[in-house]
Amino acid sequence: MKSYSVYNGLGFDISLEVENNEANMVSKGIFSPIIDYITEGFNQHASLDKVAKSDPERVYITSMVPAVPSKPFDRLVKNQLKRKFLKRRPLESLMLLTTNRCQCDCNHCIVHGMEGENELTTAEMKEIIDEAIDLGAYHISFEGGEPTLRDDIFELIDYVDKDKASTHLISNGYKLDRDFIDRLNEKNLNCLHVSLDSPYKKDHNEFRGLEVFEKASNAVKYAKESDMLTVVEYTANPSNSSIDHLRDIYKHCNEINVDELLIDEVVPGGKWEYKEENLLSKEDYQRISKFKEKMNSKDTGPKVSTSYSYRKPEIMGCYGGRRWMWVSPNGELLPCFHTPLSFGNYRENSLSEVWKKMGSHHLFKRKKCTWKDSEYRENYYPCIQKAVKEDSQPCSISEAEKLE
């Protein structure tokens with residue numbers, strides 16, 4: 001058994017014990033009963049029956065939290081203590097929609113119709129990163145569109161203080177040849193996420209409108225030669241969630257030696273219309289849950305995680321406007337890209353101002369994911385649909401409330 005130090009506090013210590021790729025978080029010390037909720041939460045909900053990656057110096061429980069031990073993980077623990085005992089509301093994750101440009105034309109594109117002119121400059125991006133870290137962020141994600149289309153993407157990744165936050169790049173994989181991966185590694189990117197929507201080359205390429213399956217798969221292979229964590233992002237929808245699809249995407253992930261298969265739920269917005277037939281059914285969710293449990297019981301193969309399960313009200317609740325903030329290509333500040341409502345633009349408002357504004361809004365005080373909230377669907381989503389049609393996403397919160 002290998003023991004990793006997670007956090008050392010006054011009167012308590014937290015450690016992670018790993019044996020045969022299975023982990024258990026434990027706390028010791030006179031004050032350990034006070035913080036047992038942290039260890040119990042990880043043990044119950046973080047699928048510790050299999051970790052994503054480990055070596056003698058550190059372990060990745062999942063791509064959704066920083067490596068253990070690490071200074072970003074220390075910040076994660078401190079944030080939970082602030083929430084529990086000081087009733088504070090630190091920002092935990094910053095998601096940068098760096099551009100709306102993309103080589104693909106995906107059926108479920110969430111940034112479809114989003115304003116892309118006048119993109120944030122390199123200097124503005126750096127200011128946002130600095131302010132987010134000051135607000136508590138330990139996770140910085142570069143997304144899009146396709147973030148590799150920004151000429152300054154290497155500079156931005158390199159700029160993030162790796163003692164403060166872990167860095168993530170979410171890509172379609174089209175530009176990720178060996179040289180590009182080597183440059184990402186030189187900038188100490190922590191985690192590479194590559195999107196796949198089907199285990200079948202033809203279906204994936206048709207869904208994306210681009211011949212990209214092989215390039216995305218090869219990107220994982222190249223990244224495995226580096227020190228970064230590798231993740232396949234799989235957005236589950238009614239047409240790719242059969243047991244055959246799940247088994248085959250897992251088989252493919254195993255063949256390319258990915259560390260984690262991260263499954264998320266498709267959410268209406270952008271090109272994906274709000275129709276019952278477009279959403280996962282109760283049976284779909286149950287099938288995915290059983291599949292995850294079964295695959296994680298295996299000694300080998302990638303870890304399977306479902307990002308949406310952490311957002312359940314009984315676990316951590318919705319992250320949007322509560323734990324994370326999203327920034328559009330031109331600086332609009334959103335609670336989540338699943339609820340593209342702008343609370344202000346960075347060029348006019350600071351992150352801290354907008355973060356407080358989000359926290360005071362009644363929609364973002366509830367534990368339930370906002371996009372599933374009936375009030376959001378009835379009173380706010382029509383404004384978003386209108387903005388998509390007019391290529392003016394996101395909709396401002398003030399404009400949405402005028403349409404109520």
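- With hydrogens and angles ignored, the 3.5 Å screen pairs a side-chain donor or acceptor of E353 with a backbone N or O of S350.
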Candidate pair I129 and L96, rule side chain to side chain contact (heavy atoms under 4.5 Å, CB included), full reasoning: CA-CA 9 Å; I129 290 168; L96 293 166; 4.1 Å; yes
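- Taking the side chain as every heavy atom from C-beta outward, N185 and M228 approach each other to under 4.5 Å.
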Test log, rule ring-ring contact (aromatic ring centres under 6.0 Å, His included), inputs Y200 and H245: CA-CA 9 Å; Y200 315 122; H245 279 86; 5.3 Å; yes
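- The side chain to side chain contact (heavy atoms under 4.5 Å, CB included) test with F343 singles out one residue from I397, N349, L334, and that residue is I397.
- For the pair K84 (side chain) and I35 (backbone), a donor-acceptor distance under 3.5 Å is absent.
- For N20, the CG atom is loosely surrounded, since the number of other residues' heavy atoms within 6.0 Å does not exceed 12.
- Put simply, NZ on K303 and CD on E260 are 6.5 Å apart, with the number rounded to the nearest 0.5 Å.
- For the residue pair T235 / D264, no side-chain donor-acceptor distance below 3.5 Å is found, with atom types taken as modelled.
- Atom OH of Y376 sits about 10.0 Å away from atom NE2 of H338, to the nearest 0.5 Å.
- Listed by first and then second residue, the salt bridge (charged side-chain N to carboxylate O under 4.0 Å, His left out) pairs that reach into residues 180-193 come to none, sequence neighbours excluded.
- Side chains of D244 and S242: a donor-acceptor N/O pair is absent below 3.5 angstrom, by distance only.
- A donor-acceptor contact shorter than 3.5 Å links the side chain of S297 to the backbone of K294.
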Side chain to side chain contact (heavy atoms under 4.5 Å, CB included) between V26 and I14, intermediate numbers included: CA-CA 6 Å; V26 297; I14 303 175; over 6 Å; no
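- For H362 and E375, the side-chain atoms include at least one donor-acceptor pair closer than 3.5 Å.
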Derivation of the side chain to side chain contact (heavy atoms under 4.5 Å, CB included) call for D197 and R208: CA-CA 8 Å; D197 299 300; R208 295 239 150 197; 2.5 Å; yes
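- Side chain of N240 to main chain of L246: no donor-acceptor pair is present (N/O by atom type, distance under 3.5 Å, no hydrogens or angles).
- Checked against the 2.5 Å cut-off, the SG-SG distance between C109 and C102 does not fall under it.
- No donor-acceptor contact under 3.5 angstrom links the side chains of E146 and T99, judged on distance only.
- Counted within 6.0 Å of CZ on R347, heavy atoms from surrounding residues, nucleotides or ligands total more than 12; the atom is thus considered enclosed.
- Looking at N79, its side chain does come within 3.5 Å of a backbone N or O of G136 through a donor-acceptor pair.
- In terms of modelled atom types and a separation under 3.5 Å, the side chain of T98 and the main chain of E143 share a donor-acceptor contact.
- At distances below 3.5 Å, not a single donor-acceptor pair connects side-chain atoms of D163 with backbone N or O atoms of P72.
- For the atom pair L261 CG and T230 OG1, the distance stands at 11.0 Å (nearest 0.5 Å).
- Proximity of a side-chain donor or acceptor of R83 to a complementary backbone N or O of P90 within less than 3.5 Å is detected.
- One side chain, Y159 or D130, offers a donor N or O that lies under 3.5 Å from an acceptor on the other.
- Counting only heavy atoms from C-beta outward, the side chains of E155 and K126 approach each other to under 4.5 Å.
- Each of M316, R366, E92 was checked for a side chain to side chain contact (heavy atoms under 4.5 Å, CB included) with R322, and the lone residue meeting it is R366.
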From CA spacing to verdict: ring-ring contact (aromatic ring centres under 6.0 Å, His included), H252, F213: CA-CA 11 Å; H252 181 68; F213 183 86; 4.9 Å; yes
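- Formation of a donor-acceptor pair under 3.5 Å by the N43 side chain with backbone atoms of M25 is found in this model.
- No side-chain donor from either of N278 and E273 sits under 3.5 Å from a side-chain acceptor of the other.
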Test side chain to side chain contact (heavy atoms under 4.5 Å, CB included) applied to L120 and V327, step by step: CA-CA 10 Å; L120 291 167; V327 183; 3.8 Å; yes
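- Of the inter-residue distances, the one linking S63 atom OG with L192 atom CG reads 11.0 Å to the nearest 0.5 angstrom.
- Between K50 and D299, every side-chain heavy-atom pair lies at or beyond the 4.5 Å cut-off.
- For the atom pair CD1 (I263) and OG (S305), the distance works out to 8.5 Å, reported to the nearest 0.5 Å.
- Surrounding CG of L86 are more than 12 heavy atoms belonging to other residues, nucleotides or ligands, all under 6.0 Å away.
- A distance of 12.0 Å separates CD in E390 from CD in Q385, rounded to the nearest 0.5 Å.
- Using the six-membered ring where Trp is involved, F337 and W326 have ring planes that are parallel, under 30° apart on the 30 and 60° scheme.
- Every pair tested for salt bridge (charged side-chain N to carboxylate O under 4.0 Å, His left out) that includes a residue from residues 335-344 fails, sequence neighbours excluded, so the list is empty.
- Judged purely by distance below 3.5 Å, without hydrogens or angles, the side chains of Y346 and E332 never pair a donor atom with an acceptor atom.
- In this pair, Y250 and F291 present their aromatic rings perpendicular. The plane angle is above 60°, beyond the 30 to 60° band.
- Judged purely by atom type and a 3.5 angstrom limit, S241 uses its side chain to pair as donor or acceptor with the backbone of N237.
- Partner of W324 under the ring-ring contact (aromatic ring centres under 6.0 Å, His included) criterion, chosen from F364, W355, Y319: Y319.
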Y138 vs F73, ring-ring contact (aromatic ring centres under 6.0 Å, His included): CA-CA, chis, key distance, verdict: CA-CA 7 Å; Y138 54 78; F73 197 93; 8.1 Å; no
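- More than 12 heavy atoms of other shown residues, nucleotides or ligands fall within 6.0 angstrom of atom NZ in K175.
- Between F180 and F154, the angle of the ring planes lies from 30° to 60°, which puts this pair in the tilted group.
- A donor atom on one side chain and an acceptor atom on the other are found under 3.5 Å apart for E401 and Y380.
- Residues D152 and T122 bring a donor and an acceptor atom of their side chains to less than 3.5 Å of each other.
- The two residues N172 and A216 come nearest to each other via the heavy atoms O-CB, 3.5 Å.
- Side-chain contact check for E293 versus V304: every heavy-atom pair is 4.5 Å or farther apart.
- The aromatic rings of Y7 and F12 sit parallel, their planes meeting at an angle under 30°, below the 60° perpendicular limit.
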